[in-house]
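I have placed the structure first, in the form of structure tokens, so that the comments after it can refer back to it.
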Amino acid sequence: MIDHDDPAPTVAVVGGGAVGVTAAADLAARGATVTLYDRGDLGAESSGRAAGVLYDAYAEDVDAAIAARSMERFRAFGRSLPGFEFTPCPYVIAVREGDADADAVPAMVDRMRAHGRAVTLVDPETLADRFPIAADDLAVAAVAANAGLCDPGSYVAAVAARARREGVAVVTDAPVSLSRGDDGPAVRTRAPNGSRDASGRRDREFDAVVVAVGAHTAPVLADAGVDVPVIPYRVQALVSSLAYDGPTVYDATAGVYLRPHPTGLLAGDGTEPVAADPDAYDRTADDWFVDSTSATLRDRLADPPVGDGLPVGRAWAGLCTATPDGDPLVGPVADLDGVFVAAGWQGHGLMRAPAIGEHVADGVLASLSGDRGSDDPWIDAFDPGRFDGDETFEIAEGMTVERRDEA
Ligand SMILES: Cc1cc2nc3c(=O)[nH]c(=O)nc-3n(C[C@H](O)[C@H](O)[C@H](O)COP(=O)(O)OP(=O)(O)OC[C@H]3O[C@@H](n4cnc5c(N)ncnc54)[C@H](O)[C@@H]3O)c2cc1C
């Protein structure tokens, strides 16, 4: 617990993706002395490989509130953070004829609207009139107005620059493990050249440690004796020079999304629903993903690619993280005093980073000051302690109508 005579609690944030940089900047803005560690470069893992699709179309109240706050911050960052641009772009959820999920869409939209989200049910004909989208085969569609796009790498870079301005010390190329100091949690890093101890490692104690290591969450916490069911899985994306100037579209039946991109169009998903090794997964896209995405684009675009091929500039794979109930783990780690975790975004970590970073900053500082009680800032549904850690479960991609509609 913090000494109130000591004005600045010390916090280590481990992991410099979208979530870690935001938490670090927000902690420092609230007066903490923050060191941000990354094993490589900032944004080099999932955040740097993301598609940049942002929206608030969530049917569950907590998710909707977080997404709403994130969208508010993305817009504000677009106005105030040098190097970061937020581009408004509606988000369309489309379900094809014959897909049983179509029946669930009206109730899902009602729930989104009940949480104040500007989502509207649109009949396919109207959709095709408004946007360059082929809608003949659609049963139903919904349009979310509070949505947009960004370049994910520029989000990390711009928020990291803000973190530095707030006084955050940023240490890259520094793989960290958790350890225990005399009075609180510590992180163990490789000491810089010339200052290594006999083992080549160095412990540094903090008042709190935030673990925001994405796909490495389970191994980093397991190393400290805590098991969490945060399972990495591969997803894929590609950029094509095919011209497209419409909204972001999620073809829920095909399981493919597409969005406009500065060089044409970006499309993705390609979920591989099996556990992936974060240190040894295949970072190149699979041929089946490129082929199936091309087929979906032919069905969905008003101006589809001509012939069989799709002009693909770049195609890649990255990792998302699944949890047994699809909700993230955000809050204190039981049995590791002073250690907090933020992970398990089920493919939605970038769009939630602005709100989650702020939530983590508020939660850590309230927890450190012992100021919890009835005002416990942590979200119950995200409590890391709700799992035993040894759960087995099926990995399901994060955007499905079924998952969005789960109560
Ligand atoms: C192809 C693709 C498309 C996606 N599209 C979207 C999208 O459009 N919208 C959206 O919201 N989400 C999207 N996602 C998901 C999104 O990328 C993630 O949910 C999000 O980036 C997670 O951020 P993070 O900060 O938790 O993790 P990461 O960005 O993975 O950051 C974790 C960091 O921790 C570091 N680290 C790991 N272990 C250690 C250690 N021991 N010591 C120090 N540092 C360590 C890593 O180097 C890394 O930089 C997509 C993902 C992929 C792969």
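For ligands, and for the atoms within them, numbers begin at 1 and follow the listed sequence. For reference, positions follow the sequence shown, starting with 1.
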Quiz item: Among M351, R259, R49, whose heavy atom sits nearest atom 1 (C) of ligand 1?
Solution: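 Considering heavy atoms of M351, R259, R49, the nearest to atom 1 (C) of ligand 1 sits in R49.
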Quiz item: Can you tell which of V14, T248, D38, V171 gets a heavy atom nearest to atom 35 (C) of ligand 1?
Solution: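 Nearest option to atom 35 (C) of ligand 1, by heavy atoms: D38.
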Practice problem: Under the side-chain hydrogen bond (donor to acceptor under 3.5 Å, both in side chains) rule, collect the residues that match up with T263, sequence neighbours excluded. | Solution: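 T263: side-chain hydrogen bond (donor to acceptor under 3.5 Å, both in side chains) contacts with H261.
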Self-check item: Under the side-chain hydrogen bond (donor to acceptor under 3.5 Å, both in side chains) test, residues paired with D123 that sit two or more places apart
Solution: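 T126.
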Practice problem: State, yes or no, whether a side-chain contact exists between E97 and L138 at a heavy-atom distance under 4.5 Å. | Solution: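 No, too far: nothing below the 4.5 Å cut-off.
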Below the 3.5 angstrom mark, is there an N/O of [X], backbone or side chain, next to an N/O of ligand 1?
X: G347; answer: yes
X: A50; answer: no
X: A44; answer: no
X: P175; answer: no
X: A342; answer: no
X: A51; answer: yes
X: S47; answer: yes
X: G40; answer: no
X: V53; answer: yes
X: W345; answer: yes

May I ask you to decide whether [X] forms a salt bridge with [Y], counting only side-chain N to carboxylate O separations under 4.0 Å?
X: R180; Y: D337; result: no
X: D299; Y: R96; result: yes
X: R162; Y: D26; result: yes

Practice problem: Please state whether A215 comes within less than 4.0 angstrom of ligand 1, counting heavy atoms only. | Solution: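 Heavy atoms of A215 never come under 4.0 Å of ligand 1.
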Practice problem: State if G268 counts as touching ligand 1 under the rule of any non-hydrogen atom under 4.0 Å. | Solution: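 It does not; every heavy atom stays at 4.0 Å or beyond.
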Quiz item: Quick check: are there more than 12 heavy atoms from other residues, nucleotides or ligands sitting under 6.0 Å from CG of D136?
Solution: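 It does not: D136 CG has 12 such atoms or fewer within range.
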Exercise. Scan side-chain atoms only and decide if H115 and D56 contain a donor-acceptor pair under the 3.5 Å cut-off.
Key: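 No, no side-chain donor-acceptor pair sits under 3.5 Å.
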Quiz item: L178 pairs by side-chain contact (heavy atoms from CB on, under 4.5 Å) with which of D223, L221, V333?
Solution: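 Exactly one candidate clears the test, L221.
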Quiz item: Do you know which two heavy atoms are closest between A343 and V230, and how far apart they sit?
Solution: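 Nearest heavy atoms, A343 then V230: CB-CG1, 4.5 Å.
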Quiz prompt | Location of contacts on A174 toward ligand 1, heavy atoms closer than 4.0 Å | solution =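 Backbone only.
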